[in-house]
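Okay, structure first, notes after.
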Amino acid sequence: MAPSAAQRLVIENCAIATVDAHDTEYASGHVVVADRRIESVGPGKAPEGLANVVRRIDATGHLVTPGLVNTHHHFYQWITRGLATDHNLFNWLVALYPTWSRIDEEMVRAAAQGSLAMMARGGVTTAMDHHYVYPQGSGDLSGAIIRAAADMGVRFTLARGSMDRSEKDGGLPPDFAVETLEGALAATEETVTAHHDASFDAMTQVAVAPCSPFSISTELLREGAVLARRLGVRMHTHGSETVEEEKFCHELFGMGPTDYFESTGWLGEDVWMAHCVHMNDSDIAAFARTRTGVAHCPSSNARLAAGIARVPDMLAAGVPVGLGVDGTASNESGELHTELRNALLINRLGAHKEAALNARQALRLGTFGGAQVLGRATQIGSLEPGKLADLVLWKLDTLAHSSIADPVTALVFGAAAPVTLSLVNGRPVVEHGRLLHVDEDALARTTRAEAQRLARIAAGG
């Protein structure tokens, strides 16, 4: 219990989906927040006689859920949206790497602000960014991203990416847009040392995140795993995204992606991978055995025609699965709450059909599943006393949702629900659909200007 001197916020008269281990729900209940923590959750009104109640919210017509947790993104792509719209992954990368290799610190900061703003407006309270493009002389890109997240007020994991396989080595990025093996490892360690916070209520954490099998050397992958485990941080990369990647791994390494990752130390409960679309039964069993996590990105997988990930089979096997927006050059909306619906619908096109996922499973993917994947399931991802006060109040009494009786069904199956209130560490980040800590209109102008500047530079103008 919080001390009596704690400042309390009380939310009452709302439906509640706790997403705890028992999927406890209340048709009409309350949540009490004491400073940064959830103090109580339950049916009916809040307890009488609470001290220091600084705000009391009548949330009639609303659903309270844990804040959404994004497990895979590339913020810098905010300023290259709407390009190469009819390409598969490989051709999309070929088309965009020449532009991405021209980014600088101001562009990256603006793009991070845009990406974070769109997610926060849609109920994301914990974001992550897999940033792996560090052109020579481009400035402090990691610092710019971390500062943007701090300004927005969201909880954040920077997956400090890297690439050391450029055009001269058979990779896709230009030579000046990649790092050396030694440089990438040193810069990653510096970023962890400067920014990673291992505390319970950490707002910023850092993971070690070489980009993908076809843009990094085996040495970078293997040494990255050693570095991460020496520093005690998590590990992230792309895996099994396309059939071309599987073919590449077989031709170059003599084995499929999952076996290759395991041979380099990249399976384990401290690892999560993006996409994992092309996984056979033995791959899924390996992920389950090692508790390796998956960031499922349904909209991006569809945008790039990568395929349908076997999420129902992963969940049945015990693989931790969360949701990811992915970069906004392959998911232009940049909103995670739309991924709840898309995860459910797209997976029903697969082998399990209508039994693939239901509304509550989709909500769990976007909340507790994401917390598991980021290694923060004891702190966030469900509404339970003692956990951090990261929660969202969704408005479900408007025309868009009011005739759907079940609030979780309304949230997942219905149109994107407005966010009346979003709290991170008990602090409001969004109210009535508007960001509280940044000027959205000014940000729209800045991101447009930086997108236009990047386009001119990439065109040689």
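Sequential numbering from 1 along the given sequence is applied to the chain's residues. For the numbers below, each heavy atom of this structure counts, side chains included, while hydrogens, waters and symmetry mates do not.
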Problem set entry | Working for side chain to side chain contact (heavy atoms under 4.5 Å, CB included), residues Ile145 and Phe156 | CA-CA 10 Å; Ile145 297 164; Phe156 180 59; 3.5 Å; yes
Rounded to the nearest 0.5 Å, what separation is found between the [atom1] atom of [X] and the [atom2] atom of [Y]?
| X | Y | atom1 | atom2 | result |
| --- | --- | --- | --- | --- |
| Leu393 | Glu431 | CG | CD | 10.0 Å |
| Ile380 | Asp201 | CD1 | CG | 11.5 Å |
| Gln205 | Asp197 | CD | CG | 6.5 Å |
| Asp390 | Leu423 | CG | CG | 8.0 Å |
| Ile284 | Ser240 | CD1 | OG | 10.0 Å |
| Met314 | Asp283 | CE | CG | 9.0 Å |

For this session: Carefully, step by step, assess Val321 and Leu315 under the rule side chain to side chain contact (heavy atoms under 4.5 Å, CB included).
Result: CA-CA 7 Å; Val321 182; Leu315 295 175; 3.8 Å; yes
Seminar exercise, completed: The side-chain contact (heavy atoms from CB on, under 4.5 Å) partner of Leu383 among Thr24, Thr18, Val19 is Thr18
For this session: Just do the salt bridge (Lys or Arg N to Asp or Glu O under 4.0 Å) check on Asp397 and Lys395 with the steps written out, would you?
Result: CA-CA 6 Å; Asp397 59 359; Lys395 186 171 178 60; 2.9 Å; yes
Just to verify, what does [X] make a salt bridge (Lys or Arg N to Asp or Glu O under 4.0 Å) with, not counting sequence neighbours?
| X | result |
| --- | --- |
| Asp20 | none |
| Glu179 | Arg160 |
| Arg310 | Asp281, Asp313 |
| Arg229 | Asp270 |

For this session: Assess whether side-chain hydrogen bond (donor to acceptor under 3.5 Å, both in side chains) is satisfied between Thr191 and Thr188, documenting all intermediate values.
Result: CA-CA 5 Å; Thr191 304; Thr188 300; over 6 Å; no
Hey, does [Y] have a side-chain heavy atom less than 4.5 Å from the side chain of [X]?
| X | Y | result |
| --- | --- | --- |
| Met152 | Val438 | yes |
| Thr242 | Glu245 | yes |
| Thr125 | Leu391 | no |
| Pro407 | Thr409 | no |
| Leu344 | Val412 | yes |
| Ile57 | Leu421 | yes |
| Arg303 | Asn331 | no |
| Val32 | Leu50 | yes |

Problem set entry | Test log, rule side chain to side chain contact (heavy atoms under 4.5 Å, CB included), inputs Arg121 and Val419 | CA-CA 7 Å; Arg121 284 182 54 191; Val419 173; over 6 Å; no
Set of side-chain hydrogen bond (donor to acceptor under 3.5 Å, both in side chains) partners for [X], sequence neighbours left out:
| X | value |
| --- | --- |
| Thr420 | His62 |
| Arg56 | Glu12 |
| Asn13 | Lys45, Asp58 |
| Arg360 | Glu25, Asp406 |

State, without any angle test, whether [X] and [Y] hold a side-chain donor-acceptor pair at a distance under 3.5 Å.
| X | Y | value |
| --- | --- | --- |
| Arg364 | Gln361 | no |
| Arg155 | Asn425 | yes |
| His275 | Asn301 | yes |
| Thr292 | Trp272 | no |

[X] to [Y] - nearest heavy-atom pair and separation:
| X | Y | answer |
| --- | --- | --- |
| Cys14 | Val64 | SG-CG2, 3.6 Å |
| Met163 | Cys211 | CG-CB, 3.7 Å |
| Ser382 | Lys387 | OG-NZ, 2.7 Å |
| Leu443 | Ala117 | CD2-CB, 3.7 Å |
| His278 | Glu241 | CD2-O, 3.4 Å |
| Val373 | Arg234 | O-NH2, 3.0 Å |

Exercise. Under 6.0 Å from the CD atom of Glu440, do we count more than 12 heavy atoms belonging to anything else shown?
Worked result: yes
Exercise. Is any NZ, NE, NH1 or NH2 atom of the basic residue among Arg289 and Glu262 found under 4.0 Å from an Asp or Glu carboxylate oxygen of the other?
Worked result: yes
For this session: Could you pull out all residues at least two apart from Tyr26 that satisfy ring pair (Phe, Tyr, Trp, His ring centres under 6.0 Å)?
Result: none
Problem set entry | Between Trp100 and Trp78, ring centroids under 6.0 Å | no
Exercise. Quick one: ring pair (Phe, Tyr, Trp, His ring centres under 6.0 Å) pairs with a partner in residues 104-135, sequence neighbours left out?
Worked result: His72-His130, His74-His130, His74-Tyr132, Tyr76-His131, Tyr76-Tyr132, His130-Tyr132, His130-His236, His130-His238, His131-Tyr134
Exercise. Restricting to pairs with a member in residues 321-369, which pass ring pair (Phe, Tyr, Trp, His ring centres under 6.0 Å), not counting sequence neighbours?
Worked result: none
For this session: Just do the side-chain hydrogen bond (donor to acceptor under 3.5 Å, both in side chains) check on Trp266 and Thr237 with the steps written out, would you?
Result: CA-CA 9 Å; Trp266 271 80; Thr237 190; over 6 Å; no
I'd like a table of donor-acceptor pairs (distance under 3.5 Å, sequence neighbours excluded) in which one partner is a side-chain atom from residues 105-115, with atom names and distances.
residue	atom	partner	partner atom	Å
Glu105	OE1	Asp140	N	2.9
Glu105	OE2	Arg147	NH2	3.2
Arg109	NH2	Asp151	OD2	2.7
Ser115	OG	Phe75	O	3.2
Ser115	OG	Ala111	O	3.1

Exercise. Step by step, would you call Val192 with His196 a side chain to side chain contact (heavy atoms under 4.5 Å, CB included)?
Worked result: CA-CA 5 Å; Val192 173; His196 181 71; 4.0 Å; yes
